[in-house]
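Note that ligands are numbered from 1 as they come in the structure, with each ligand's atoms numbered from 1 the same way. Values reported hereafter were calculated over all heavy atoms of this structure, with side chains retained and with hydrogens, waters and symmetry mates removed.
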Amino acid sequence: MTQLNNQTLASLNGKLPIPAYRLDEHKPQIGIVHLGPGAFFRGHQAWYTEQALQFGGDWAISAVSMRSPDVSQALSPQDGLYTLAVLDAVQSYQVIGSVQEVLIASEQYPQVLARLTAASTKYVTMTITEKGYCLNGSGKLDLSHSQIQQDLSGSGQPNTAIGLLFTALAARYQANIAPFCVISCDNLTDNGHKLRNALIAFAEQKDPNIANWLSQQLISPCTMVDSITPATDDAIKAQVADVLGVQDNWPIKREAFVQWVIEDILPADRPAWQQAGVIYAQDVTAFEKAKLRLLNAPHSTLAYVGCLLGYETVFDAMQDEVLTQFIQQMITAEIMPSFKAPAELDVKQYSEDILARFRNPAIRHLLAQIAWDGSQKLPMRILPAISDNLAAGKPIDKLAFAIAAWCCFIVKRHSDNEKLVDPLAEQLLAVAAQCAGNADTDVALFLAVDAVFPAELSLNKTFFSAVHTAYQQLVSRPAAALVAYAGDI
Ligand code: CS2
């Protein structure tokens with residue numbers, strides 16, 4: 001079967017939407033560099049930019065992975081082209097052309113730096129996951145982080161995204177070129193502010209003049225990003241080859257729902273993202289909170305409780321009436337009262353729509369994938385709601401059940417001798433190795449992991465006892481525990 005690339009693109013015309021601008025003589029030049037070319041980026045920001053490119057401008061994307069060669073090896077023979085499959089009530093396919101190249105920073109550092117220091121590069125967007133920002137428990141740059149220390153020492157190429165961005169910004173400063181705008185597209189509370197502060201904190205260690213310049217000129221909006229985009233599997237590769245009649249090494253699948261809210265501080269010189277459906281808002285925080293607490297918190301809860309019950313996908317778990325009742329009750333009784341939703345958001349409808357998205361039969365989303373990086377995700381998704389409810393004297397039992405389920409999930413990973421995907425895997429598995437199924441000691445061991453549980457939580461008696469009660473029931477009989485929690489305790 002022939003390969004999807006610039007030569008075979010024209011043959012797809014009329015079969016499905018293709019990037020016609022790739023067939024033009026004057027192709028859009030690169031104006032955006034994206035760090036972390038994973039599935040979510042390719043189904044979300046790259047799709048929005050694809051729509052925006054219909055309105056013109058030099059906004060093609062140079063995608064950069066820090067170390068992994070996988071995406072570059074798959075897409076470079078395809079001139080960066082790939083297929084987006086939207087799997088929902090209606091299924092559709094589109095060839096995306098906004099990604100012009102995929103580079104690997106660890107192997108192609110001079111090219112990456114050249115892209116980042118070019119005056120024509122106006123934006124750097126990123127999906128580097130929560131751990132990629134190297135932040136400590138209070139959301140500040142962790143200067144004791146081994147890779148940050150290495151990058152600060154300046155010996156060799158930067159290993160972290162923060163180190164790479166600083167190096168490029170420093171070169172722009174020396175060359176009197178304005179800083180690019182940085183746009184975090186990760187599920188981090190206050191993502192834009194945290195990124196901006198991390199870059200300035202790094203610069204303060206290296207050169208106070210650059211730190212000062214960045215604090216005056218660096219634009220880093222907060223964003224809320226949303227679209228369920230599971231990892232690509234062989235089934236979708238075969239499906240896409242059927243539809244296109246050409247081979248696509250790495251197509252992307254996602255649901256139809258897609259949302260991007262950006263803090264309204266970008267310069268006028270920007271891609272036509274608004275025409276593509278991006279919402280610009282004065283205050284993104286409330287949107288972020290709503291999404292992290294009403295989508296990502298239930299997602300993580302489904303992942304840990306669902307895995308303990310032996311389910312494989314979100315769709316499977318959502319077929320379990322007791323589990324969905326528990327999730328709905330957790331949302332209504334504890335999550336919704338924990339924050340103030342954006343005035344324009346019908347929070348009840350928004351939550352119902354999210355649960356309907358979880359029931360999408362066309363999306364095979366593995367719970368095990370959502371379960372990755374719990375030590376990074378729970379402090380963004382569940383612990384803030386618990387802290388807010390504790391401060392307001394509101395209930396936390398169901399949220400604490402989710403935390404206890406995470407602990408049991410780790411204990412099970414350890415006893416089944418299965419891999420735990422988490423930057424703190426070693427520490428967490430060491431804790432699990434000491435667990436004997438006794439809630440007194442086990443919960444104390446987990447809550448002592450201060451990289452996850454700040455002191456104000458781990459020392460909070462109400463929180464400890466709520467996790468303890470849930471863990472005690474979950475560790476021996478998860479299904480019975482769930483039944484108990486799905487009703488009122
Ligand atoms: C998921 C998210 O893997 C996960 O942690 O909860 O990737 C989720 O699918 C997206 O945030 C949806 O926008």
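Protein non-hydrogen atoms do not reach within 4.0 Å of atom 7 (O) of ligand 1.
Nearest residue to atom 5 (O) of ligand 1 from M224, M380, K377 is K377 (criterion: closest heavy atom).
For ligand 1 and K291, the ligand atoms under 4.0 Å from any heavy atom of the residue are 10 (C), 11 (O), 12 (C), 13 (O). Close approach of ligand 1 to H365 (heavy-atom distance below 4.0 Å) involves ligand atoms 9 (O). Taking a cut-off of under 4.0 Å to the non-hydrogen atoms of D226, the atoms of ligand 1 that pass are 12 (C), 13 (O). Of all atoms in ligand 1, numbered sequentially from 1 with element shown, those under 4.0 Å from a heavy atom of I370 are 3 (O), 4 (C), 5 (O), 6 (O).
Here's the thing with R357: none of its N/O atoms is less than 3.5 angstrom from an N/O atom of ligand 1.
What sits closest to atom 2 (C) of ligand 1 on the protein, heavy atoms only, is N296 ND2, 3.6 Å. Residue, atom and distance of the protein heavy atom nearest to atom 1 (C) of ligand 1 are H299 ND1, 3.4 Å.
Of all the heavy atoms of N187, the ones lying under 4.0 Å from any atom of ligand 1 belong exclusively to the side chain. Contact annotation for S227 and ligand 1: only backbone heavy atoms (N, CA, C, O) come within less than 4.0 Å of the ligand.
Here side-chain hydrogen bond (donor to acceptor under 3.5 Å, both in side chains) pairs that include residues 274-284, with residues two or more places apart or in two chains, are D283-T285. Under the side-chain hydrogen bond (donor to acceptor under 3.5 Å, both in side chains) criterion, the residue pairs touching residues 299-309 are S300-R381, with sequence neighbours excluded.
Side chain of E50 to backbone of G97: a donor-acceptor contact under 3.5 angstrom is found. The main-chain N or O of V243 is never found under 3.5 Å from a side-chain atom of Y93 such that the two would form a donor-acceptor pair.
A heavy-atom distance below 4.5 Å is not found between the side chains of I148 and N159.
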Self-check item: Candidate pair L135 and L188, rule side-chain contact (heavy atoms from CB on, under 4.5 Å), full reasoning
Solution: CA-CA 11 Å; L135 305 177; L188 226 71; 4.1 Å; yes
Quiz item: What's the verdict on ring pair (Phe, Tyr, Trp, His ring centres under 6.0 Å) for F326 and F401, showing C-alpha distance, side-chain angles and the deciding distance?
Solution: CA-CA 10 Å; F326 170 78; F401 185 90; 4.9 Å; yes
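Ligand 1 lies out of reach of Q259, whose nearest heavy atom is not under 4.0 Å from it.
Note that R270 lies outside the cation-pi zone of W59, set by a 6.0 Å cut-off to the ring centre and a 45° limit from the axis.
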